[in-house]
Amino acid sequence: MIAERRRKLDELRETGNAYPNDFRRNALADELHRMYGTQENEALEELDVEVAVAGRMMAKRVMGKASFIKLADRSGQMQVRVERDRLPDGVYADFKKWDVGDIVAARGKLFKTNTGELTVRCDELRLLTKSLRPLPEKFHGLSDQEVRYRQRYVDLITNESSRAVFRTRSAVVQYIRSFLDAQDFLEVETPMMQTTPGGAIARPFTTHHNALDMELYLRIAPELNLKRLIVGGLERVYEINRNFRNEGVSTQHNPEFTMLELYRAYATYEDLIDMVEALLRGMSEAVLGSTVVNYQGEKFDFGEKFARMTVEETILKFNLELDQSRLRDRDYLLEVCEKLDIPVKDSYGPGKLQIEIFEKTGEENLRQPTFVTQYPTEVSPLSRKNDDDPFLTDRFEFFIAGREIANGFSELNDSEDQAERFRAQVADREAGDDEAMAFDHDYIRALEYGMPPTAGIGVGIDRLVMLLTDSPSIRDVLLFPHMRPEVFD
RNA sequence: GGGGCGUUAGCUCAGAGGUAGAGCAUUCGGCUUUUAACCGACCGGUCGUAGGUUCGAUCCCUACACGCCCCA
């Protein structure tokens, strides 16, 4: 079939420029439907509107000496009526050889068909680009997941729902920018390649700089750099960009993913909880036109106040038999982990054990929007300790549909405490935990200049977009999700 | 890493231990208001790959590859 179309392309090459680029479009389908869609045919003929449209030919219905075709542009589709006797000699005969999938341009007057569809009756018809490969079947479209991900261009040609997902994604990011810009935040870009990966607990990707002959890491988070900017006095900064984590691939995880990280001086984690709530409420209204989000059969109302509970409250809620008074007792927690079939390491203290229990029994049950607060210091090496209870930090994570969407805290700005936390991380690393953080000397030096009291947060953009587009897999919201390399033979 | 499901024409999918099927698309013919246009004819395949069982395997078995889902 491709050979057949190559033959047609060869004919085009022989008769002139097979890839012309001198046609000027002056209208999009959607704007024509909006402006003229409600007019009666008689009024339209009276108005005598000539338009030049172009796009991919998605349907071709030939009826002898006249045809209807559908042209798809970025806004939508426009029907064109092609009549042999309105076109110069030979054009209609050529047109009959064109294929669905070709890029076609038409110029003519608007009218309405008997069934009331706005249509261009064309006086000029041109083939702008020959398509050599056939499109998927017109009714079912492209449904093979693998091809949808690997050949996203075909998916986008065929599936309006896929195009809609990426328009929504763009709207989400745009909304975040306008929301933060309105609050005088500065958008910044910090390095993707770092000599010391930090700011999160994860395995990094390694790369090599030839000229300097040194190892570099793709960042796992921008956190430490952004807080350096707070030290520098920028006070309100954010970055929307990629992080890279060398971990498994799943419906929730892609090796590179997009995070919003923001830092706000003179704020606490509670201020950011309020901010996240306002951000999500405004976002769903702006993007979906409603505060109600339907996700995979569940309903979430962003118009209602989100629930708040502490880590320990969450553990107790989903493990009713546990002894409230022994939740920080390491031996007791070890017993509980054993019962729950949670693998543990000798290095785990009560804080880490709590989090293991929380993740095993609590996380997936957090369906409705919930802020979980008061994370153990042991698992929060960059968070400020709670003033009254040093076992805990002033930290929260935001959950919805059983998934973590955001993680924020009042920042640790005591350089000596931070140095101590780094040392604990280094000890973990030496004990074999290759996700533990390295000691970042420059970051300590920055804190020694004085970082104002600050709160910061990271929001997973991909998961947010999944939620707002009702997508079951992170791959549905990434234009080019990570795949094993394809074998061409 | 473990488990389940899948891989058949360009696309969407049937199918059975004995010559490989449909619709759409392609090709040819017809048709000047179609809407998954319609009518007629033709064309289209290493049944994911490699082994094994069998007189015979695309079908049964094993391994592998790739994908999707679930679990860790």
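The sequence lines fix the lettering, A, B, ..., with proteins before strands; numbering per chain opens at 1.
If you check distances only, the side chain of Arg81(A) does reach the base of rU32(B) with a donor-acceptor pair under 3.5 Å. A donor N or O paired with an acceptor N or O is found under 3.5 Å between the base of rU35(B) and the side-chain atoms of Glu117(A). Residue-to-nucleotide contacts include a donor-acceptor pair under 3.5 Å from the side chain of Arg121(A) to the base of rU33(B).
Atom CD of Glu4(A) is separated from atom P of rG44(B) by 14 Å (rounded to the nearest Å). Taking atom CG of residue Leu132(A) and atom P of nucleotide rA25(B), one finds them 20 Å apart after rounding to whole Å.
Between Phe257(A) and Phe244(A), a ring centre-to-centre spacing not shorter than 6.0 Å is recorded.
An OP1 or OP2 oxygen of rG67(B) is reached within less than 4.0 angstrom by a side-chain nitrogen or oxygen of Arg150(A). For Lys8(A) and rU27(B), the shortest distance from a side-chain N or O to OP1 or OP2 is below 4.0 Å. Residue Thr113(A) places no side-chain N or O under 4.0 Å from the OP1 or OP2 atom of rU34(B). Between rC69(B) and Ser250(A), no contact under 4.0 Å exists linking OP1 or OP2 to a side-chain N or O. For the pair Arg133(A) and rG10(B), the criterion of a side-chain N or O lying under 4.0 Å from OP1 or OP2 is not met.
In this structure rU58(B) sits in no base pair that meets the Watson-Crick or G-U test at under 3.5 Å. In a base pair of the Watson-Crick type (N1 to N3 plus N6-O4 or O6-N4) or a G-U wobble (N1-O2 and O6-N3), with each distance short of 3.5 Å, rA41(B) is matched with rU27(B). With a cut-off of 3.5 Å on both Watson-Crick or G-U wobble distances, the partner of rG1(B) is given as rC71(B). Using the Watson-Crick or G-U wobble rule with both distances under 3.5 Å, rU34(B) pairs with nothing in any strand shown.
Under 4.0 Å is where a charged nitrogen must lie from a carboxylate oxygen, and between Lys130(A) and Asp99(A) at least one such pair does. Salt bridge Glu31(A)/Arg34(A): absent, no basic N to carboxylate O contact under 4.0 Å.
The side-chain hydrogen bond (donor to acceptor under 3.5 Å, both in side chains) test with Asp462(A) singles out one residue from Gln252(A), His253(A), Arg169(A), and that residue is Arg169(A).
Taking atom C1' in both rA57(B) and rU46(B), the straight-line distance is 14 Å, to the nearest Å. For the C1' atom pair drawn from rG48(B) and rA9(B), the interatomic distance equals 15 Å after rounding to whole Å. Spacing of C1' atoms, rC42(B) relative to rU26(B), comes out at 11 Å, to the nearest Å. Straight-line distance between the C1' atoms of rA20(B) and rC61(B): roughly 23 Å, to the nearest whole Å.
Because its NZ or CZ atom is both nearer than 6.0 Å to the ring centre of Tyr375(A) and within 45° of the ring axis, Arg395(A) counts as a cation-pi partner of that residue.
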